[in-house]
Amino acid sequence: MNSPVVIFAQAGIQSRWTPAFAGVTVLLLGLAGSPAYSAAVSPVASEDEFLMDVLWDTYTNLPEKQEPRIGLALGGGGARGLAHIGVLKVLEEEGVPIHRIAGTSVGALIGALYAGGVSTTEMEEMSSEIGWSSLTNYSRLAMVRLVLIEQPLSSKNMEVYLEKHLQGKRFDELKIPFACEATDLQTGERVVFKEGPVALAARASATIPGLFEPVVFRHRYLVDGGLVGNIPTDLVSLIGADVIIAVNVTSDLSRFEPKNIIATLNQAISIQSESKSQEELSRAHFVIRPQLGDITAMDLARSAECIDAGSLATRRAIPGIKRLLMDGHLETLLRYQRKPHEKV
C-alpha cells in the first residue's frame, strides 16, 4: 500500500490506491450477473453502490481471511475533535472493524473512551452535556487568578470525568489497544503512553500549556501532545496497525482571529503542530477530513454540528475505505466467486 496518494477535495477524503484494484470491475460485473444477487437490486440504489455492497458482503464472508489490522489516528483540534464521534459511529454502522487507536489531545480523550468500551451513542449524549466547567475548574475567579497572579487552571476534573466513564481502566484492560502522546514541558520530548492509568494519560495529552497546570507524572511535567505531533499516524503503526486511517480535524488558521487567552493558546499549538502535519498524514493510507467550517477549538456548544460533520465525511469515505481493504484480497475474492461452494 505504498502507491501514490489520490485526493478527493470535495469530500475531504484522501486515500492510497494500488493498481491491483483495477481488476475489481471485472469481479463486480461477474457478481452483478449472479442470480443470487440480481433480485436484491433496489430501484433507488445506484449501480455503483449496489455492486460495492455485493463485493463487501462477499469480502466480509470470506473463509480463512487474513484481515489487516485497521488503526485510527485521531488528531487534536479542541471542540472540533468531537467530529471523531461521528467518524467512529459510521465506521461501526458500515462494519469496518477498528483494531488499534492512537490519539492526541481531544483525539486522546475520544480514543480512550471508545477503546474503553464507551459506545458512540453514550459519547453523543456526553458531548451534549459537556462544558469547560465540567472538565476543568474554569470560572470567572479562576480566570482572574490566571491573569493577575499567573495561577493556571486545573484539568483534574477532566481526569475524574474520564475515570468515571472508563471505570478506572488501565491500558491493558481496554477493549481495543490504545496509545496517546503528551509533551514533556521541560525537555520538549514526546512522551508515549501505552501502559498505566488511561485517564491520567489522556488528560496529559489534552492539557493546554499556559492555561492549565502541567500533569505531573514520574517527575515529568506533561502538557498537550499537539506540541510534538498532532495526528499520531506513526504511533498507531507502532502499536500494530497495518492500515492507517487518519482523522484530521485541524482548522485553516487564517480563518480565525484569536480573541481570548484560550483561543490564542490553541492557535499557538496549532501553528506549532502544523509543520509536522503533512509528514504525519503522508504515513496514512486514508485520510478523513470533516468539513467543520467556522467551528473553533473552543465551540463545545456546537458538538452536534461537529459529530454530523464527522459522520458526513466518513459516509463519503466509506467506498474508498472498503476498496482499500478489499484490494489485498482481490485474488481470493475472484477465486471465491468462481468457486462459491469450495473452500478457498
Could you check whether any side-chain N or O of [X] sits under 3.5 Å from a backbone N or O of [Y], counting only pairs where one atom can act as donor and the other as acceptor?
X: Arg100; Y: Ser237; answer: no
X: His99; Y: Gly71; answer: no
X: Ser205; Y: Ser105; answer: yes
X: Arg203; Y: Met158; answer: no

Tell me yes or no: between the side chains of Thr233 and Glu280, is some donor less than 3.5 Å from an acceptor?
-> no
Donor + acceptor pair across side chains of Asn230, Thr104 (<3.5 Å) = no
Would you say that [X] contacts [Y] through its side chain, given a criterion of any heavy-atom pair below 4.5 Å between the two side chains?
X: Leu222; Y: Phe193; answer: yes
X: Leu235; Y: Arg190; answer: yes
X: Thr187; Y: Arg220; answer: yes
X: Ile321; Y: Ile288; answer: yes
X: His84; Y: Leu72; answer: no
X: Asn248; Y: Ser277; answer: no
X: Thr250; Y: Arg289; answer: yes
X: Thr207; Y: Pro214; answer: no

What distance separates [X] [atom1] from [Y] [atom2], expressed to the nearest 0.5 Å?
X: Ile176; Y: Ile101; atom1: CD1; atom2: CD1; result: 4.5 Å
X: Ile85; Y: Ile110; atom1: CD1; atom2: CD1; result: 4.0 Å
X: Leu200; Y: Glu163; atom1: CG; atom2: CD; result: 8.5 Å
X: Leu82; Y: Glu124; atom1: CG; atom2: CD; result: 10.5 Å
X: Ile307; Y: Leu312; atom1: CD1; atom2: CG; result: 14.0 Å
X: Leu281; Y: Ile244; atom1: CG; atom2: CD1; result: 11.0 Å

Indicate the atoms forming the closest heavy-atom contact of [X] with [Y], along with that distance.
X: Pro290; Y: Val247; result: CD-CG1, 4.3 Å
X: Phe286; Y: Gly320; result: CE1-C, 3.5 Å
X: Val106; Y: Gly76; result: CG1-CA, 3.9 Å
X: Ala309; Y: Gln291; result: CB-O, 3.7 Å
X: Glu181; Y: Gly229; result: OE2-O, 2.8 Å
X: Asp224; Y: Gly226; result: OD1-N, 2.6 Å

Same cluster or not: [X] versus [Y], using hydrophobic residues (I, L, V, M, F, W, Y) connected whenever any side-chain heavy atoms lie under 4.5 Å apart?
X: Leu109; Y: Val198; answer: yes
X: Leu162; Y: Phe217; answer: yes
X: Leu300; Y: Met123; answer: yes
X: Ile318; Y: Leu74; answer: yes
X: Leu174; Y: Ile239; answer: no

Taking atom [atom1] of [X] as the centre, report whether more than 12 heavy atoms of other residues, nucleotides or ligands fall under 6.0 Å from it.
X: Lys169; atom1: NZ; answer: yes
X: Glu189; atom1: CD; answer: yes
X: Tyr221; atom1: OH; answer: no

Does the pair Asp299 and Glu305 meet the rule for a side chain to side chain contact (heavy atoms under 4.5 Å, CB included), with working shown?
-> CA-CA 10 Å; Asp299 285 336; Glu305 293 176 65; over 6 Å; no
Distance-only criterion, 3.5 Å: show the donor-acceptor pairs between side-chain atoms of residues 90-98 and protein atoms not counting sequence neighbours.
residue	atom	partner	partner atom	Å
Glu92	OE2	Tyr114	OH	2.6
Glu93	OE1	Arg315	NH2	2.3
Glu94	OE1	Lys322	NZ	3.0
Glu94	OE2	Arg315	NH1	3.2

Answer yes or no: is there an ion pair linking Arg302 with Asp294, defined by an N-O contact shorter than 4.0 Å?
-> yes
